[in-house]
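Structure record follows, encoded as structure tokens.
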Amino acid sequence: MSDWKPIIGLEIHAELLTKSKMFSGCPVVDSVEAAPNTAVDPVSLGLPGTLPVINRQAVEFGLMVGLALHCEIPPVNQFARKNYFYPDLPKGYQISQYERPLAVNGWLDIEVTPPDGEPYQKRIRIRRAHLEEDTGKLTHVGGGSSLVDYNRAGVPLLEIVTEPDINSADEAEAFARTLRAILQYLGVNNGDMSKGVLRVEPNISVMHKDDTEFRTRTEIKNLNSIRSLYRASLAEIERQINLWQSGGEVKQATLGWDENKQRLVIQRYKERADEYRYFPEPDLPVVEISREWVEEVRARLPELPEAKRRRFMETFGLSEYDARQLVAEQAIAHYYEETLSAGVNPKSAANWILGGLFALMNEKGFERENIESTRITARQFAELVKLVDAGTLNKGTAAAVLAEMWDTGSDPALIVAARGLAQVSDQDIIRQAVANVLAENSAMAQDYLSGKEKLFGALMGQVMKAMGGKANAQVVTDILKQQLEAMRSS
Ligand code: ADP
Ligand code: MG
């Protein structure tokens, strides 16, 4: 295995969240939810005699992504016709960009966390990002028939192409996550891969340690989650290495991923390069991007994940690891900032999101990006953290309250009152409980005093149990130590 190095370049298609289509005022609708062919017009149907008009908002969204990916923005970009025949493409050509894309030569830094190994950072070069229009959707219904829905035809699409700088499935996954977060923070795409609003397609080959050139690559399409991107890439890397090692040969092909069987399927072999007969789109003017426009858009870019991470570290004193987790999904970062706006200690809030709340979400199989659809509002969450910081709840009872908030959506103060969970810090009550436990466990106490220090935890546990889990752990620790030391000297 170690003689082989995976080579991966990604092609990403992101639908842009504009109100209207790329080349007409036809509205953009959710192409999974909406009834078929309800958002179409003569331009998106490609009827003869229609003329396209460029959507300025789409160009600006593309510009935002180009700048966020540190690309150069050439002063002029141009649309081109990509000719091919397929029933989902009513005009017989797709308006795309070819020789003069919107953005070129960028990069994106990723943080990779391999399951077995140290995290590391890596810079992936972005070759280009260009604008185009999406195609319609075909549904094959059997019996040689297919249905076509043109709602998606003409929806603005940004294609982003990386250099083949990605060398493992882990890196492909990290890139996809990082890019998706940026698109979401920019508000240009919602990142939904299951609906195909965002599509990430890896080109994969493998290189032997003695090779001086790249080998033949394949391309995987129809991946509807980042998880599938990871699994399909792993499977394809393994398939190619096995093929080469057994004396076979990798043929250029387009593959798909069978989600149910968790298996690659070969869709078609490419005998020769596709011939699209590109030429400049004669119905559209070239697009001039003034330097003023570029700078104006740059100045308006929102705070992106990296900048937010640095700010969280600098102003709240969070660790890099914690800050990274909080900014990784825009929804989490938003929830955290909402929590803080209720006046909570930033470190406590971070600990309770990354600890208590994430643990609950994992247990319930709830995606982190959906944090805002849990029953616990940021305001209620902030109240819980305040109760812990004020000493009203200890860690254990707070976790129980959080679980009940998850189930019922109630305010934490109501749950504490109803269930009598408030923490007990009263010294007299705790002193009495400690004395009882030491009397009942005198042998254990003697063992502790003769050097078995680990037994402190067991004694502590007995006291907490006697107090129904509600005692202030710090007060118990202090009093237990005092009373044990008193036994030593008596
Ligand atoms: P095309 O123009 O035919 O689409 P490109 O050379 O532009 O092909 O590359 C498309 C994508 O494939 C890019 O992301 C690129 O990084 C990647 N790529 C190119 N060659 C290889 C290779 N040998 N192995 C893996 N990926 C590759
Ligand atoms: Mg392409």
Side-chain angles (χ1 to χ4, degrees), residues 3-14 65-66 69-71 78 80-84 86 93-94 96-108 110 122-132 135 157-176 178-180 198-223 229-230 232-244 249-257 264 266-279:
D3 286 348
W4 297 90
K5 175 173 162 181
I7 305 291
I8 305 176
L10 297 178
E11 286 175 83
I12 296 99
H13 287 87
V65 177
L69 299 179
H70 315 93
C71 290
Q78 186 174 36
R81 285 190 187 179
K82 178 179 182 178
N83 298 282
Y84 65 93
Y86 205 66
Y93 60 85
Q94 178 190 30
S96 180
Q97 295 190 315
Y98 188 53
E99 286 174 326
R100 305 171 93 178
L102 174 69
V104 296
N105 300 332
W107 50 265
L108 181 59
I110 59 172
K122 183 168 176 181
R123 178 159 296 184
I124 308 297
R125 290 171 299 158
I126 308 289
R127 182 180 292 175
R128 55 188 273 149
H130 69 250
L131 288 163
E132 57 188 31
T135 60
L157 210 54
L158 188 71
E159 176 170 339
I160 303 163
V161 182
T162 77
E163 293 295 342
D165 290 346
I166 296 166
N167 299 118
S168 66
D170 292 314
E171 291 181 9
E173 170 172 348
F175 183 92
T178 310
L179 177 65
R180 183 170 71 170
L198 180 66
R199 314 196 274 271
V200 184
E201 291 160 1
N203 292 270
I204 301 181
S205 65
V206 292
M207 219 172 166
H208 188 264
K209 66 174 168 44
D210 301 329
D211 287 350
T212 52
E213 284 172 21
F214 287 159
R215 299 191 179 209
T216 305
R217 67 181 149 103
T218 61
E219 185 177 1
I220 311 176
K221 290 187 179 288
N222 305 329
L223 298 170
L229 167 70
Y230 174 80
S233 301
L234 266 191
E236 177 58 2
I237 291 164
E238 190 181 277
R239 187 187 73 93
Q240 290 190 12
I241 294 173
N242 288 340
L243 257 175
W244 290 120
E249 188 183 16
V250 171
K251 293 205 196 98
Q252 203 179 340
T254 302
L255 313 179
W257 178 246
L264 291 165
I266 296 188
Q267 292 180 337
R268 67 183 176 112
Y269 286 106
K270 285 191 181 177
E271 306 284 299
R272 53 198 146 79
D274 294 319
E275 180 45 76
Y276 293 121
R277 300 174 350 271
Y278 280 101
F279 60 87

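Just follow the structure's listing: the first ligand is 1, and inside any ligand the first atom is 1.
Relative to atom 22 (C) of ligand 1, the option among Ser205, Pro202, Pro6 with the closest non-hydrogen atom is Ser205. Nearest-heavy-atom check against atom 27 (C) of ligand 1 across Glu159, Glu11, Arg217 picks out Arg217.
Residues Glu219 and Lys221 are paired through a salt bridge, judged by an N-O separation under 4.0 Å between the basic side chain and the carboxylate.
Those atoms of ligand 1 with a heavy atom of Asn203 less than 4.0 angstrom away are 11 (C), 12 (O), 17 (C), 25 (C), 26 (N). Within ligand 1, the atoms closer than 4.0 Å to a non-hydrogen atom of Val161 are 13 (C), 14 (O), numbered from 1 in the order shown. For ligand 1, the atoms lying closer than 4.0 Å to a non-hydrogen atom of Arg215 are 23 (N). For ligand 1, the atoms lying closer than 4.0 Å to a non-hydrogen atom of Phe214 are 23 (N). Close approach of ligand 1 to Gly9 is summarised as follows: ligand atoms under 4.0 Å from at least one heavy atom of the residue are 14 (O), 16 (O), 17 (C), 26 (N). Listed by atom number, the atoms of ligand 1 under 4.0 Å from Glu163 heavy atoms are 16 (O).
In Ile7, the parts holding a heavy atom less than 4.0 Å from any atom of ligand 1 are both the side chain and the backbone. Residue-level proximity to ligand 1 for Thr216 is absent, since no heavy atom of it falls below 4.0 angstrom.
For Thr162 (side chain) and Leu10 (main-chain N/O), a donor-acceptor pair under 3.5 Å exists by modelled atom type.
For His208 and Trp244, the gap between ring centers reaches or exceeds 6.0 Å.
By the 4.5 Å heavy-atom criterion applied to side chains, Thr254 and Thr218 are not counted as neighbours.
The nearest pair of heavy atoms linking Phe175 to Ile110 is CA-CG2, 3.7 Å.
Checking Glu159, Lys82, Glu132 one by one against Ser96, the side-chain hydrogen bond (donor to acceptor under 3.5 Å, both in side chains) holds for a single residue, Glu132.
Applying the side chain to side chain contact (heavy atoms under 4.5 Å, CB included) criterion to Tyr93, with sequence neighbours excluded, gives Arg81, Asn83, Lys91, Ile95, Glu281.
Heavy-atom distances between Glu219 and ligand 1 stay at or above 4.0 Å for every pair.
Annotation: cation-pi geometry satisfied between Arg123 and Trp107 (NZ/CZ under 6.0 angstrom from ring centroid, within 45° of ring axis).
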